[in-house]
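Indexing begins at 1, ligand by ligand and atom by atom, following the structure's order. Quick note: residue numbers are just sequence positions, from 1. Both backbone and side-chain heavy atoms feed into the values below; hydrogens, waters and symmetry mates do not. Everything quoted here is computed from the prediction, not taken from an experiment.
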Amino acid sequence: MTVDRARLEETAQAMVAQGKGILAADESNATMTKRLEAVGIESTPDSRRGFRGLMFAAESAADYISGVIMYDETLRQASDDGTPFPVLPASAAILPGIKVDTGAKPLAGFPGETVTEGLDGLRGRLGEYRELGARFAKWRAVIGIGEDRPTHGCIEANAHALARYARLCQEAGIVPIVEPEVLMDGDHSIDRSEEVTATVLRAVFAQLAEQRVLLEGIVLKPNMLLSGYDCPEQASVEEVAERTLACFRRVVPAAVPGIAFLSGGQSDERAAAHLNAMNRIGGVPWELTFSYGRALVAAPLKVWAADTAEVADAQAAFLHRARCNAAARRGEYAESMEHELVA
Ligand code: 13P
């Protein structure tokens, strides 16, 4: 089956449009339950709907957000007035997307490593998601760094699955976000982060080519190169930005329209500062934007948990993070913006 090249390219370019980024609101129910319980809220379909709905309905979100990634449950939910969630962002010109992997599961034969599952039946699910309004999808592979990890077997298994997923998406007219996340947990140096990330990205692009994926019709969602969170020596914002771009120049083909970074547990301010520094350096063939989960969602969740009736306050906290990251996407973020919370 051929792919609708024009449709894919148009969607991918809209996802990485200038001045905007992607909201990752696609935590699985298990992860969302952890996040809600951490702030003292019971996790129910309705509490998950309530929190995500307030972000989707935030006025002016479309000024900063190009697309929102939903979870299966969310894509089937609706706002209080009955507007289906895929329609709500779309009416504000925000593209709805859907997480389609079924999670990182232990990889047989490779203790401590995982492979992301979800290929079985994916063609059928993509057809249904498209009917429900999804324009793009996400699949997250997870690669950990340890003494003897990652193994070649783990990298190849994950890269292969990512490529098979990507091609299935493109056949369905859905742009795949290709997310090979190298975790920054551990005490490894930024050198090790670079070595592993470059190896993983090379494997991913080899598999994407093997599976005939149209590079112009994907968005890459990688980690930045960081020092491991427990490494005593932490790289500066400038070093992270310079090294991430230098590494990506070597391994990411210029045909890819955009790179939308994950935040991966960085502080809200650091996630914005790193993206900002990269956009200031510029001179790369791809758009550099964000597809943040925690770095967009944690702040409004905290505010909402304090008083779930004060939806406007939580929306203001969400818009603030979105505005800061949208500025970073243009290279115009400054730490002083953090003190300018406007509704
Ligand atoms: P974080 O920005 O919290 O890493 O989440 C992004 C994401 O979608 C991970 O799959």
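Per-residue contacts place R140 under 4.0 angstrom from the following atoms of ligand 1 (heavy atoms of the residue considered): 9 (C), 10 (O). Using a 4.0 Å cut-off to heavy atoms of Y292, the atoms of ligand 1 that qualify are 2 (O). Within ligand 1, the atoms closer than 4.0 Å to a non-hydrogen atom of A24 are 8 (O), numbered from 1 in the order shown. Under a 4.0 Å criterion applied to the non-hydrogen atoms of K221, ligand 1 contributes the atoms 6 (C), 7 (C), 8 (O). Under a 4.0 Å criterion applied to the non-hydrogen atoms of S291, ligand 1 contributes the atoms 6 (C). Proximity to G293 (heavy-atom distance under 4.0 Å) selects the following atoms of ligand 1: 1 (P), 2 (O), 3 (O), 5 (O), 6 (C). Every atom of ligand 1 with a heavy atom of G264 under 4.0 Å away is listed here by number and element: 1 (P), 2 (O), 4 (O).
Within the 4.0 Å heavy-atom shell around ligand 1 one does not find A295.
Using the six-membered ring where Trp is involved, W286 and F248 have ring planes that are perpendicular, over 60° apart on the 30 and 60° scheme.
Side-chain contact check for T116 and R140: no donor-acceptor pair (N or O, by modelled atom type) lies under 3.5 Å. For the 3.5 Å distance criterion, the side chains of Y71 and Q77 fail to qualify, holding no donor opposite an acceptor.
The shortest N or O to N or O distance between L262 and ligand 1 is not under 3.5 Å. Some N or O of K138 is nearer than 3.5 Å to an N or O of ligand 1, by distance alone.
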